[in-house]
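Structure first, commentary second.
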Amino acid sequence: MKTGRKAFCAAVMAGAIAAVQFAGVTAQAAERPQNMDDATWARLQDNVMEYNELPDLVRCYNPTYQQVQESIMPMINASRETAAKMQRTEELKTMKDSARELKKSLDRMDPATQAGTLEYQALYAQYATLNAAVNSTEQGIRAISRTAGTMESETSSMRQQTLASLTAAAQQLFIGYNQAVASRELVNAAAELAQAAAQSAVTQRSVGMATDNDVLSAQQALLSAQGQQMSIEDMITSLRQNLCVMTGWSYDALPEIGTVPAPDLGRIAAMNPDTDITEAIKASYSLDSLDDSLSGKAMYRKNRTISEAEEDLKIQLHSLYQTVLADQASYEAANTALAAAGITMDSTQRQYSLGMIGRLQFLQAQLGFLQQKMTADSAALTLTQSILAYDWALDGIILSEQTAQ
């Protein structure tokens, strides 16, 4: 690793992000990845955004990632092409051929009798000059190739980190969008109930069963509920716009956005932070950068610092695992409560259809059911999010650190 890699990566990323801030059009992939089949490539270009497509969408269409690719790879390719052209030049070939012929001429001469002659000295001077030129040129070619190789190695690491960070961010946005959508039904039901309550208050006032204050309170509750509707729609719009930009659509596009798969409970059973820490340490970009920054420091100091950072990572991984377990318990409890609420709602629905209860009572019961449904939906998304955070830690990304940056 090179000590300048961290600064090199930071500079490239800063330039890429600054350029993307002004992007308002759909990003275009330079070409289809070689390891991607036709069906996958076609799905990425339809107007549907699926959760499991996010890594490929980011890799192929994210403006920031594309900017990183476009700003660095041309320099690497240009260096390699320069080296290749220099290797193929007619001038270099001519110099090599001439040097070989001069060497043959010198070898045919008897050094014991000819070394002191002007002919030998002249030939030797020509040979030495040509040979030095050939060696210098080839050393330059090798230096350019080594530079290109170093740049590609450093850029490859930077690209991997950039891609991982952007993919994690896109997944978080996708989950956040689904959480907002999950609350929309409840907010709309609350507004419907508030509307019915306001109408009922007006009716009751007309027959002397409610006061003006009762009507005013009901109307204020309606305005508040309608305000919540506007807020949730604004939030959904904002999340959709950010998600679209992250995955290559224009900010005002309206793709169909899919749902988040149910939490993988089998994945939780396979988690073991005590053994998984080895994988997390190996993949950690933070530890890699720390090791890079400590190059040249005293070995004992470097080892101690890295050991402390590894211990911090172990604590973080255990914390992430405990969060997964707590979220799993909440998820299971919410589903149990939702099943009970569903039975109650079915009974209420039958009573309402038979005219045994009024519309207001039905809407109140429906609101209670939707509250429990939203709780269960939110618990599922939260658990998926915590599983994701744990798995990203094993891939070198601590999501809390990404959020803080």
Side-chain angles (χ1 to χ4, degrees), residues 49-55 58 164-165 167-187 232 235-236 239 243 257-284 286 310-346 367-404:
M49 186 191 308
E50 298 288 357
Y51 180 80
N52 60 5
E53 293 176 348
L54 292 176
V58 170
S165 299
T167 300
Q171 289 172 331
Q172 297 299 305
L173 280 172
F174 196 99
I175 291 172
Y177 175 85
N178 273 266
Q179 286 176 324
V181 170
S183 66
R184 174 194 269 160
E185 188 177 11
L186 175 63
V187 170
I232 196 65
M235 181 184 297
I236 289 172
L239 287 167
L243 189 55
I257 299 178
T259 58
V260 179
D264 184 358
L265 302 183
R267 174 68 191 101
I268 300 174
M271 291 178 179
N272 186 340
D274 290 325
T275 55
D276 290 342
I277 185 60
T278 302
E279 184 180 350
I281 288 173
K282 184 178 179 181
S284 174
S286 296
E310 290 177 351
E311 186 61 29
D312 287 343
L313 181 57
K314 184 176 181 180
I315 292 171
Q316 287 179 306
L317 190 63
H318 272 272
S319 177
L320 289 170
Y321 179 63
Q322 292 303 316
T323 299
V324 170
L325 295 182
D327 290 342
Q328 182 182 21
S330 298
Y331 168 74
E332 292 170 350
N335 279 337
T336 299
L338 178 60
I343 295 172
T344 301
M345 188 61 206
D346 288 342
L367 186 64
F369 171 75
L370 290 176
Q371 285 176 327
Q372 191 56 59
K373 181 177 181 297
M374 190 194 74
T375 299
D377 290 342
S378 180
L381 291 169
T382 299
L383 178 56
T384 296
Q385 203 165 26
S386 60
I387 294 172
L388 191 65
Y390 185 92
D391 285 341
W392 272 119
L394 303 189
D395 287 333
I397 299 293
I398 300 295
L399 293 182
S400 58
E401 288 185 357
Q402 296 303 311
T403 302

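Heavy-atom minimum distance, L313 versus S284: CD2-CB, 4.1 Å. Contact record, I257 with F174: CG2-CE1, 3.6 Å, taken as the closest heavy-atom pair. Residues V58 and A170 approach most closely at CG2-CB, 3.9 Å, considering heavy atoms.
Every residue two or more places apart in sequence or in another chain that forms a salt bridge (charged side-chain N to carboxylate O under 4.0 Å, His left out) with E185 is listed here: K373. Residues forming a side-chain hydrogen bond (donor to acceptor under 3.5 Å, both in side chains) with N52 (at least two apart in sequence, or on another chain): none. Here A376 pairs with A334, N335, L338 under the side-chain contact (heavy atoms from CB on, under 4.5 Å) rule; sequence neighbours left out. Residues meeting the side-chain hydrogen bond (donor to acceptor under 3.5 Å, both in side chains) test with E50, sequence neighbours left out: none.
Separation of atoms CG (N272) and OH (Y321) is listed at 7.0 Å; rounding is to 0.5 Å. The line from CG of D377 to CD of Q179 is 10.0 Å long, rounded to the nearest 0.5 Å. Remark: L320 CG to L325 CG distance equals 11.0 Å, nearest 0.5 Å.
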N/O donor to acceptor pairs below 3.5 angstrom from side-chain atoms of residues 382-397, sequence neighbours left out:
| residue | atom | partner | partner atom | Å |
| --- | --- | --- | --- | --- |
| T382 | OG1 | S378 | O | 2.8 |
| T384 | OG1 | A380 | O | 3.1 |
| Q385 | NE2 | Q172 | OE1 | 2.6 |
| S386 | OG | D327 | OD2 | 3.2 |
| S386 | OG | T382 | O | 3.4 |
| S386 | OG | L383 | O | 2.8 |
| Y390 | OH | D276 | OD2 | 2.6 |
| D391 | OD1 | R267 | NE | 2.9 |
| D391 | OD1 | R267 | NH2 | 2.7 |
| D391 | OD2 | R267 | NE | 3.3 |
| W392 | NE1 | Q171 | OE1 | 2.7 |

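Counting heavy atoms of neighbouring residues, nucleotides and ligands inside a 6.0 Å radius, atom CE of M235 does not exceed 12 of them.
The salt bridge (charged side-chain N to carboxylate O under 4.0 Å, His left out) contacts involving residues 168-184 comprise R184-E233, where partners must be two or more places apart or lie in separate chains.
Using a 4.5 Å cut-off on side-chain heavy atoms (C-beta onward), F369 and T344 make no contact. Side chains of L265 and Y331 form a contact here, defined as non-hydrogen atoms less than 4.5 Å apart.
For the side chain to side chain contact (heavy atoms under 4.5 Å, CB included) criterion with L317, the lone passing option out of I277, D274, I281, I398 is I277.
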